[in-house]
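Take a look at the structure below.
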Number of protein chains: 2
Amino acid sequence: MSDTHTGVPSVVAAPLPTPVPADEHEQCPVTDVLRRIGDKWTVLVVVLLGRRPYRFNELHRGIQGISQRMLTRTLRALEDDGLVRREVFPTVPPGVEYSLTPLGESLLVPLSAVADWAVGHRDEIARARLAAGAGPDRPE
Amino acid sequence: MSDTHTGVPSVVAAPLPTPVPADEHEQCPVTDVLRRIGDKWTVLVVVLLGRRPYRFNELHRGIQGISQRMLTRTLRALEDDGLVRREVFPTVPPGVEYSLTPLGESLLVPLSAVADWAVGHRDEIARARLAAGAGPDRPE
DNA sequence: CGGAATCCAGTAAGATACTG
DNA sequence: CAGTATCTTACTGGATTCCG
């Protein structure tokens with residue numbers, strides 16, 4: 001830590017020469033990943049699959065509130081990114097099992113960092129929001 | 001590492017007794033934070049402000065592609081959450097400076113973890129996506 | 001059981017123009 | 001300079017129905 005006033009390591013503080021070259025920030029892998037795990041259900045699914053493999057309806061019941069459509073889409077997206085493996089068992093009735101790939105499991109690590117931060121600062125954030133809403137005049 | 005088959009620590013692997021109690025997962029602080037930093041511009045703004053304070057139009061030019069509207073909304077949301085501080089200098093013309101609060105700076109740490117993961121596995125993900133798109137028959 | 005297909009509402013995001 | 005106001009479009013997510 002030596003080139004910013006915050007002692008933060010890694011790519012976040014490293015590259016990005018002040019004038020952001022983000023003309024095509026669309027393809028920035030960081031934003032890309034964040035937008036994927038930033039959706040409504042992905043994290044929940046990944047965390048569950050991090051515990052053990054699940055079958056489709058098992059996840060559907062387990063998550064409660066998710067629609068089949070969203071569960072399907074979420075799983076498909078994760079599968080396409082190589083984070084989740086889908087295995088079909090030709091039984092009757094057919095069974096499909098979902099599990100994390102090694103890549104998917106590796107995601108649990110940084111995910112934990114964010115989760116810990118979120119849990120650790122939830123009160124602080126909640127208070128800030130209250131102050132913002134009730135404090136000065138917030139027109140609508 | 002002792003209660004799951006992945007060696008992942010922290011809240012991600014800790015609570016969540018297999019049957020998810022996520023009836024009100026809406027208020028889950030983890031999902032909450034992820035959805036905020038999962039939007040299109042937040043991370044970019046936070047990272048920039050992590051380098052040094054910025055003025056509004058300075059950010060506007062620096063990010064390139066963002067509209068005033070989105071920059072304003074992003075900054076406002078971050079301010080409301082207590083991650084960004086907004087200081088007005090009563091000069092002519094008026095100047096407004098944005099900077100990270102200590103809370104905001106602390107976010108850079110878990111953010112770095114995710115960013116490093118994203119950068120470190122971008123190729124792997126890209127290959128998986130190609131394989132998913134070109135591999136089996138992907139209708140549309 | 002494990003989806004796919006269709007439809008539909010709500011919100012996020014962009015362009016543009018105007019203001020203190 | 002630092003926004004706000006308005007309009008329009010694109011995407012996300014949910015409900016329902018149907019199929020192998």
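Below, chain A is the first sequence line, B the second, and so on; all start at residue 1. Not measured: the values here are computed from a predicted model.
Axis orientation changes by 50° from one end of the helix from dC1(C)-dG20(D) to dG20(C)-dC1(D) to the other, with each end axis drawn from 5 pairs and the value rounded to 10°.
Atoms OH (Tyr54(B)) and C1' (dC1(D)) sit 18 Å apart, rounded to a whole Å. Atom-to-atom, CE of Met70(A) to C1' of dC8(C) comes out at 13 Å; the value is rounded to the nearest Å. Between Arg35(A) atom CZ and dT11(C) atom C1' there is a gap of 13 Å when expressed in whole angstrom units. The CD-P distance, from Gln64(B) to dG14(C), rounds to 14 Å in whole Å. Spacing between atom CZ of Phe89(B) and atom C1' of dA2(D) amounts to 14 Å, rounded to whole angstrom units. The nearest whole Å value for the distance from the CZ atom in Arg73(B) to the P atom in dT4(D) is 11 Å. dA13(C) atom P lies 11 Å from atom CZ of Arg36(B), rounded to whole Å. The separation between Trp41(B) atom CH2 and dA13(C) atom P is 9 Å, rounded to whole Å.
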Without placing hydrogens or testing angles, list every side-chain donor-acceptor pair under 3.5 Å for residues 97-104 of chain B, not counting sequence neighbours.
unit_1	atom_1	unit_2	atom_2	d
Tyr98(B)	OH	Arg86(B)	NE	3.2
Thr101(B)	OG1	Gly82(B)	O	2.6
Thr101(B)	OG1	Leu83(B)	O	3.2
Thr101(B)	OG1	Leu103(B)	N	3.4
Thr101(B)	OG1	Gly104(B)	N	3.1

Are Arg73(B) and Asp39(B) close enough, and set up right, to give a salt bridge (charged side-chain N to carboxylate O under 4.0 Å, His left out), and what steps lead you there? CA-CA 11 Å; Arg73(B) 288 173 66 94; Asp39(B) 77 356; over 6 Å; no

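For His121(A), the ring-ring contact (aromatic ring centres under 6.0 Å, His included) partners two or more places apart in sequence, or in a different chain, are Trp117(A). The salt bridge (charged side-chain N to carboxylate O under 4.0 Å, His left out) search around Arg85(A) returns none, not counting sequence neighbours. In this view, Arg55(B) and Glu58(B) satisfy the side chain to side chain contact (heavy atoms under 4.5 Å, CB included) rule, not counting sequence neighbours.
Salt-bridge formation is detected for the pair Glu79(A)/Arg76(A): a Lys NZ or Arg NE/NH1/NH2 atom is positioned less than 4.0 Å from an Asp or Glu carboxylate oxygen. A salt bridge does not link Arg36(A) with Asp80(A): none of the charged nitrogens is closer than 4.0 Å to a carboxylate oxygen.
The two residues Gly50(B) and Leu108(B) have their closest heavy-atom pair at CA-CD1, 3.9 Å. Residues Tyr54(B) and Leu48(B) share a closest heavy-atom pair of CE1-O, 3.4 Å.
Contact annotation: Lys40(A) reaches the phosphate of dG14(D) (side-chain N/O to OP1 or OP2, under 4.0 Å).
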Reading nucleotides 1-7 of chain C 5' to 3', which nucleotides get B (base under 4.0 Å from a protein heavy atom), which S (sugar-phosphate only), which -? SSSB-B-

